[in-house]
**Student:** 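Dropping the structure in here first, questions after.
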Protein chains: 2
Amino acid sequence: MAIHKRAEFTAAEQRLAAIAKALGHPARVAIVRLLAQRQACVCGELVLELPLSQSTVSQHLKELKAAGLVQGEVDGPRVCYCLDAAGWTVARQLLGDLLAEVPVVALAPTAAPSCC
Amino acid sequence: MAIHKRAEFTAAEQRLAAIAKALGHPARVAIVRLLAQRQACVCGELVLELPLSQSTVSQHLKELKAAGLVQGEVDGPRVCYCLDAAGWTVARQLLGDLLAEVPVVALAPTAAPSCC
DNA sequence: TTTGCTTATCGTCGATTTACGATTATAAAG
DNA sequence: CTTTATAATCGTAAATCGACGATAAGCAAA
């Protein structure tokens with residue numbers, strides 16, 4: 001992006017957007033799912049599980065960390081990654097808030113709005 | 001982005017990522033919220049509500065439409081936008097699935113993983 | 001048809017993203 | 001201290017994003 005006007009939006013909107021952006025790539029969704037399934041942090045095993053190079057996986061992890069969804073801790077020569085509980089609490093909250101605002105029933109019958 | 005390896009991931013992962021990506025910008029989150037609040041489609045009023053130019057808002061709407069989260073219908077000289085119920089049902093499902101996979105309780109006590 | 005209003009698209013710009021290989025830390029072990 | 005393994009960073013390239021102004025397209029009324 002460029003020349004963002006982020007300052008003009010709500011803090012919640014920005015936070016939610018940042019979280020959504022972090023999840024806005026299949027590889028990062030996959031990483032999150034892998035970390036969730038293993039119930040614990042994985043290290044370079046992620047690289048083995050993903051069709052991406054080590055450096056690319058490292059970048060994705062960096063973004064997930066920046067979004068507060070993942071934690072990393074050095075453990076000897078390797079690094080352990082876990083889901084960040086605090087970040088996911090926020091994510092759960094903000095996503096829930098948005099979904100609560102969006103009506104479950106169709107505003108229009110799936111086909112045509114024919115509104116206004 | 002570039003040189004995506006999207007094909008290597010689950011269809012659900014890709015769909016979720018696409019939805020998340022669409023929500024990965026504060027302006028688009030704001031648009032969704034505006035459409036949800038008004039209980040109906042708004043047109044150029046979105047431009048008035050947002051700190052962005054008309055063309056930029058139009059682009060954001062295009063992306064939300066591409067993600068299946070928004071519908072647009074021509075109504076005379078203007079265009080009415082609504083939230084797309086079908087898309088939001090999918091979004092609700094996929095986000096719910098992911099959140100269900102992520103443990104609610106901390107994998108590590110917020111601070112240190114100390115895992116492996 | 002011409003005017004006027006609304007929205008989409010085009011063209012452009014700089015910044016960011018995705019991806020990779022190569023290199024550089026970092027830490028345990030020999 | 002040197003080796004070995006792992007992960008992060010650097011540098012690069014191509015594609016995309018975000019934003020805007022300007023232009024085109026669509027439709028209704030005059």
Side-chain angles (χ1 to χ4, degrees), chain A residues 1-9 13-14 17-18 20-31 35 41-67 70-82 113-116, chain B residues 1-9 13-14 17-18 20-31 35 41-67 70-82 113-116:
Chain A
M1 334 89 183
I3 320 174
H4 289 294
K5 291 203 168 179
R6 300 240 160 117
E8 316 275 4
F9 299 99
E13 285 169 348
Q14 295 185 51
K21 189 177 178 184
L23 295 175
H25 193 289
R28 294 194 286 267
V29 173
I31 288 174
L35 292 179
C41 25
V42 194
C43 326
E45 296 154 81
L46 290 170
V47 177
L48 299 177
E49 304 273 8
L50 298 169
L52 297 169
S53 73
Q54 180 264 319
S55 58
T56 303
V57 172
S58 189
Q59 275 193 14
H60 283 306
L61 284 168
K62 189 178 177 183
E63 286 184 60
L64 285 169
K65 234 184 339 183
V70 153
Q71 272 180 332
E73 170 128 321
V74 177
D75 171 47
R78 70 204 78 219
V79 177
C80 284
Y81 284 100
C82 316
S114 73
C115 37
C116 298
Chain B
M1 333 91 188
I3 320 172
H4 288 294
K5 291 203 168 177
R6 300 245 161 113
E8 317 274 5
F9 300 98
E13 284 169 348
Q14 295 185 51
K21 188 177 179 183
L23 296 175
H25 192 288
R28 294 194 287 267
V29 173
I31 288 174
L35 292 179
C41 28
V42 193
C43 327
E45 296 155 80
L46 289 170
V47 177
L48 298 177
E49 304 272 8
L50 297 169
L52 297 170
S53 73
Q54 179 265 319
S55 58
T56 303
V57 172
S58 189
Q59 275 194 14
H60 283 306
L61 285 167
K62 189 178 178 183
E63 286 183 61
L64 286 169
K65 236 188 329 188
V70 153
Q71 273 180 332
E73 170 129 323
V74 177
D75 171 48
R78 71 204 77 222
V79 177
C80 284
Y81 284 99
C82 316
S114 72
C115 38
C116 297

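Letters A, B, ... mirror the listed sequences (proteins, then strands); counts begin at 1.
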**Student:** So if I take every side-chain heavy atom of B:Ser55 and compare against D:dA22, C:dG21, C:dA27, which nucleotide ends up nearest?
**Tutor:**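 Given the options D:dA22, C:dG21, C:dA27, the side chain of B:Ser55 is closest to D:dA22.
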**Student:** Rounded to the nearest Å, what distance is computed from the CG atom of residue B:Leu52 to the P atom of nucleotide C:dA8?
**Tutor:**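 My rounded result for the distance is 15 Å.
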**Student:** Between B:Thr56 and D:dC20, is there a side-chain N or O to OP1/OP2 distance below 4.0 Å?
**Tutor:** yes
**Student:** I need the B:Arg28 CZ to B:Lys21 NZ distance, nearest 0.5 Å.
**Tutor:**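 Reported value, rounded in 0.5 Å steps: 8.5 Å.
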**Student:** For a 4.5 angstrom cut-off between non-hydrogen side-chain atoms, does A:Leu46 reach A:His60?
**Tutor:** no
**Student:** What is the minimum heavy-atom distance between A:Ala17 and B:Pro26, and which atoms define it?
**Tutor:** CB-N, 3.4 Å
**Student:** D:dG26 P sits how many Å from B:Glu73 CD, rounded?
**Tutor:** 16 Å
**Student:** Strictly under 3.5 Å: I want the nitrogen or oxygen pairs between protein and nucleotides 5-7 of chain C, one per line.
**Tutor:**
residue: C:dT7; atom: OP1; partner: B:Gly44; partner atom: N; Å: 3.0
residue: C:dT7; atom: OP2; partner: B:Gly44; partner atom: N; Å: 3.2

**Student:** So which of residues 59-67 of chain A are in contact with DNA chain C, with a heavy-atom cut-off of under 4.0 Å?
**Tutor:**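 Within this stretch, A:Gln59, A:His60, A:Glu63 sit under 4.0 Å of the strand.
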**Student:** Please report the distance, rounded to the nearest Å, between CD1 in B:Ile31 and C1' in D:dG18.
**Tutor:**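 Spelled out: CD1 on B:Ile31 to C1' on D:dG18 is 13 Å.
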**Student:** Between atom CG of B:Leu50 and atom CD1 of B:Ile31, what is the distance when rounded to the nearest 0.5 Å?
**Tutor:** 5.5 Å
**Student:** What is the distance, to the nearest angstrom, from the CG atom on A:Leu46 to the P atom on D:dA8?
**Tutor:** 10 Å
**Student:** Of all the heavy-atom pairs spanning A:Leu35 and A:Tyr81, show the shortest one and how long it is.
**Tutor:** CD2-O, 3.5 Å
**Student:** Can you tell me how far C1' of C:dA27 sits from CG of A:Asp75, to the nearest Å?
**Tutor:** 11 Å
**Student:** Determine the minimum heavy-atom distance between A:Ala27 and A:Leu52, stating which atoms define it.
**Tutor:**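 Residues A:Ala27 and A:Leu52, closest heavy atoms: CB-CD1, 3.6 Å.
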**Student:** Is the A:Phe9 ring parallel, tilted or perpendicular to the B:His25 ring (thresholds 30°, 60°)?
**Tutor:** perpendicular
**Student:** Relative to the 5' end of DNA chain C, which residue comes earlier, A:Ala27 or A:Gly76, by the nucleotide with the nearest heavy atom?
**Tutor:**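 Between the two, 5'-proximity favours A:Ala27.
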**Student:** D:dG18, D:dC27, C:dG21: which one has an atom nearest the side-chain heavy atoms of B:Arg28?
**Tutor:**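 Of D:dG18, D:dC27, C:dG21, D:dG18 is nearest to the side chain of B:Arg28.
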**Student:** List the atom of B:Lys65, the atom of B:Gly72, and the distance in Å for their closest heavy-atom pair.
**Tutor:** CD-N, 4.1 Å
**Student:** How long is the gap from CG on A:Leu48 to CD on A:Gln54, to the nearest 0.5 Å?
**Tutor:** 11.0 Å
**Student:** When you measure from the side chain of A:Ser53, which nucleotide among D:dC17, C:dC20, D:dC27 comes out closest?
**Tutor:**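 Shortest atom-to-atom distance from the side chain points to C:dC20.
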